[in-house]
Amino acid sequence: MSEIPKHYEPGTTQQQWFPFWEEHGYFNAEPNPDRQPHTIMIPLPNVTGALHMGHALNGTCQDLITRWRRMQGYEALWMPGTDHAGIATQAVVERRMLEEEGLTRHDVGREALVNRIWKWKDAYEKRIVSQQKSLGASCDWRRIRFTLDEVCARAVRKTFFKMFSDGLIYRGKRLVNWDVHLQTAVADDEVFDEEVDGHFWTFNYPVVDDDGNETGERISFSTTRPETMLGDTAVCVHPTDERYTHLVGRKVKIPLNDRLIPIIADGLLADKELGTGAVKVTPAHDPNDYACYQRNPEIGIINILNPDGTLNENAGPWEGQDRYKVRERVVERMAEEGHFEGVEDRKIPIKHSDRSKTIVEPYLSDQWFVKMDDLAQAAIDAVEDGRVRFFPSRYAKTYIDWLAEKRDWCISRQLWWGHRIPIWSRPFDDEARAAVQKLGATFNGEDVTLDGEHAAYVSAVVADGIQPGERLLLVCVDDGHEAIEEQLNAAGFEQDPDVLDTWFSSALWPHATLGWPDTERNPPLNEEEVAKQTAAPAPKPTGDGKGNEVLDYFYPGSVLITSRDIITLWVARMVLTGLYNMGDVPFRHVHVHPKILDGFGQTMSKSKGNGVDPVDLIEKYGADAVRFTIASFAGETQDVRLPISYECPKCETLIPQTIAHQNAKPDEGTKPTVHCPKCKADYQYTSPNYDPDPDVPVARMVSERFEYGRNFCNKLWNAARFAMLNLEGYTEGPVTQDDLQLEDRWILSRLSTVTAQMDEFLGRYQFDAATRAIREFTWNEFCDWYLEMIKPRLRDEAQRPVAQRVLLSVLDSLVRLLQPFAPFICEELWQRLREIAPVRSLPVDDATNVLMPTEVAEACIVASWPQIPAAWRDESLEKRFARLQETIAAVRNVRAIYQIPPGTPIKLLMRATPEVADELQNVSQQFENLAKTVLEAAGADVVRPSGAASFSLGDADGYVPLEGLIDRKKELERQQKELETLRKHVAGHEKKLANENFVSRAPEHVVANVRETLENLRKQLASVEAIIADLQ
RNA sequence: GGUCCCGUAGCUCAAUUGGCUAGAGCGCCUGCCUUACAAGCAGGAGGUCACAGGUUCGAGCCCUGUCGGGACCACCA
């Protein structure tokens, strides 16, 4: 016990206690009828890369709540896992492959690419989990899930099949961004806009009469892509545009191929103010035109492009030529025919593919959609009627507004990494019909009905294909029916090559992770069990088993803790699928925490060069410090700015990061550096723009804001150190009211209040407020006052035992209260204290015996949450104590002003009412203890000695005799300044009370408060006036 | 373009939802190695609550507008 370091050493502590917790199974949660469940599903991080500060904040909040609830006696499950993040992950792996080996995915093929991504996933999942663990995440790690694992895959298949059978999933057309170089669709977030030098041509089309003869009238329009004229299916004007109203309903001829197309009116597409007011409509090659086509389907749609960027047969003579070549030809041809009106140069913003850096083309393709109507409405209702509550409540608006649009959800993605769409299709002909008939299907017209048995796992529809007149038979097969898949393959059906939107699987997270749709067995805990369970289809319900207790017990979740940018993409969809699959919401609360920005107010991200690795911070400041500081950020309103510094790898000097550091790129091979002003040397640093040279010291990114948490942990450590050094000879035993001293009753009263505050703040997810409350209690009350005040008692043999018991009791509660915030240090202290005193005098809800000897839990993480009787709160005592504190502060102030050395004793005289004087006399030894001051007299008849420094507290005045030391002029100045401040405040209060409206309309307690304050201020003012008169 | 958030001490943030003399940490100044802690202790300075109106007995907080910063969504022929 003699070995207690002066500084808290996080490293060894962290290494010791995390495995201890894990090995003892403290993180594990199992259905337990004797306890209430508490469930948190982690917002699954992408396996794209390592975790950043946002994750650290997110994880800290969740772990805090989980640990708090666990101590409160809930069966607390924090469900871990990761997301396969389709596009993002595939893109990362493909980019690497291209950079390092010069290979594209077409070179290696689907299977090999997916294998590579699995390897990537394994590596990053490992890294992510290790980051989470180093932060202290108390997840039930046995239950870790991945959105692409067998358990989740089954949920995805079941949901897709169910929705398809219910007619909620349909096949539709949609324009995608087509990368003609890679011959693949790219997602919206994989394209970037770049201005390109281009042209803005104006042409005209001749108007024709009903017989197709030109009337001589022409209609002009402009375009930046003349070749798309080949795919025009209409010319559009604004319905109120008088220049063209007479033409609406007529036709024009496209001179290039003599096709006739209608002139239509559409207020959403045409803008009277832009260009000529008339616009050509190319539904297959422009998103807005496509939307116009959806409103006016009679105009038709013509695709003119091949996947490689050449034109198809619809381009007539230009078939097979590149689109840009055709553009030139088309312009020439239009000019030859006399339909060219002009051209101007223009900078045109054009979408480029992130990966090939080439221009993408809007391209018509078949996609899968989920009908949102009823699903979205159900999810809206759940929030509106309070089944799901947002904290802070304003985020409900984001959620409802988005869902209210009820835009159908496009769930297919042209990728290889993800859940493959479980649809088999082939042209609808007799063979297809026969194959599906073998599965028990009957065809009534085009409606496909399967018989009862087959309907449970096969569903089919007939739908339009992408080519005009093309009909397809689409068959959906449920999970676990490989035999049917084989049959379909044999009959010439092909599985859809696309995969599902990542959000489709993450939307199922809250119930999929608990084993749904298997309602007969608990979800498997490890890979072996997963293999065993997924080898066979789920057993039929027998009715005699217990079913899936885990799902029954832990669903719905208690709270989802997430950041605001995925309220729509993820939160809304989880509610939607939860209601659809489970018939109940996935969680009762949604807490949305702030975002962490850098010192310049920018979102943190690796690609910006401002992404701090939480592990770097943990290494520098300790996990508890990082958690505590992060929790202090997590308030309700503001995002958090976190100024970043680079740490000199040699001397640890912090060099503030600038925007220039973030943006710096290697200059002709020379990599940018930061300059350490202390070492006078330059160092490379972690940057998104280059990899530092191997084997050179690198300046890592940290933030000195975390000293806040580190210093606090150290304070706690030393408070406990003090206690442990003073617990020698500790004996257990009860402590009664009569044993308690003023400071004991005060600290217990404060403890009762702060414990209640913790529950209140954490219950509302106000982590910042909780952090401040517990910090202030620990530092400014427990350490600054309580520990100082009991020092004399600890030195006194007679008083020592009670002082030790109360001290340990308060420290015990404190460590418990801090466990959710700073679990490592708390466990360390808990275990050390348990060696000294496994039985402690702890609060019981009993008026006679305040503290009773109680054996404590084997680990802090599973200790019970403090329940301090509210009866301990004593407001009047706290008030009296506050006067003592003020008096001592005033004396210290006098000492500081007159520069009296700390060791020199001073005297104090207090003029006060007999009651107040009595109280002060009762604690006179504390003046000696805390301020090296002798309370020489206290009473109503005390008079101010000459040559004294004075202060006034309202209901008491203090005099510190300083003959010879006092500077009359200086003291007068000081008092006059005080006088001025007081006068200002008195005037303010008087003015308020003079206002009749205030007195009559403000609530009574407010008026009473002002009166009381004013009275107090007047007393102080009178005292100060007397002091000044005396000095003059 | 729509929606939402923010602007309070040099910096980063609070202010119990409209009511005590607007607080804290860091930084700064003064004095202290006082037996748990110098990552500490004691004391102190520092604020036109972005700006302009309005509502109210009363506004940092509510309303309108302006300026500035940020986020999300939509759009960008």
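Per chain, numbering begins at 1; letters A, B, ... match sequence-line order.
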Rounded off to whole Å, could you give me the [atom1]-to-[atom2] distance for the [X] and [N] pair?
X: H1005(A); N: C20(B); atom1: NE2; atom2: C1'; answer: 10 Å
X: K992(A); N: G19(B); atom1: NZ; atom2: P; answer: 10 Å
X: F628(A); N: A39(B); atom1: CZ; atom2: C1'; answer: 14 Å
X: E405(A); N: C75(B); atom1: CD; atom2: C1'; answer: 12 Å
X: F390(A); N: C4(B); atom1: CZ; atom2: P; answer: 15 Å
X: K6(A); N: C33(B); atom1: NZ; atom2: P; answer: 14 Å
X: F633(A); N: C6(B); atom1: CZ; atom2: C1'; answer: 17 Å
X: I264(A); N: A77(B); atom1: CD1; atom2: P; answer: 18 Å

Partner nucleotide, any strand, of [N] [Watson-Crick/G-U, under 3.5 Å]:
N: U55(B); answer: none
N: A45(B); answer: none
N: G60(B); answer: none
N: C4(B); answer: G70(B)
N: U16(B); answer: none
N: U34(B); answer: none

What class does the angle between the rings of F221(A) and Y205(A) fall in, given that below 30° is parallel, 30 to 60° is tilted and above 60° is perpendicular?
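Judged by the thresholds at 30° and 60°, the geometry between F221(A) and Y205(A) is tilted.
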
Fit a plane to each ring of W201(A) and H199(A), take the angle between them on a 0 to 90° scale, and name the class: parallel (under 30°), tilted (30 to 60°) or perpendicular (over 60°).
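Taking H199(A) first and then W201(A), their aromatic rings sit tilted (interplane angle of 30° to 60°).
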
Contact class for K397(A) vs. all strands (heavy atom < 4.0 Å): base, sugar-phosphate, or nothing?
sugar-phosphate

Check this for me, if you would: do [X] and [Y] make a salt bridge, where the nitrogen-to-carboxylate-oxygen distance has to be below 4.0 angstrom?
X: R832(A); Y: E828(A); value: yes
X: D286(A); Y: K280(A); value: no
X: R764(A); Y: E760(A); value: yes

Distance below 4.0 Å between [X] side-chain N/O and [N] OP1 or OP2:
X: N995(A); N: G58(B); answer: no
X: N893(A); N: G44(B); answer: yes
X: T603(A); N: A71(B); answer: yes
X: W201(A); N: A77(B); answer: no
X: K715(A); N: C41(B); answer: yes

Checking understanding here: a glycosidic angle within 90° of 0 is syn, the rest anti, so what is U48(B)?
anti

Kindly point out which of A42(B), A39(B), A36(B) is positioned nearest to the side chain of D784(A)?
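For D784(A), the side-chain atoms sit closest to A42(B).
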
Quick check for you: among G69(B), G25(B), A36(B), whose closest atom lies nearest to any side-chain atom of R775(A)?
G25(B)

Distance check, [atom1] atoms only: [N] and [M], in whole angstrom units.
N: U8(B); M: G69(B); atom1: P; answer: 14 Å
N: U64(B); M: C28(B); atom1: C1'; answer: 40 Å
N: A24(B); M: A14(B); atom1: C1'; answer: 7 Å
N: G31(B); M: C13(B); atom1: C1'; answer: 29 Å

Of all the heavy-atom pairs spanning G709(A) and F628(A), show the shortest one and how long it is.
CA-CD2, 4.1 Å

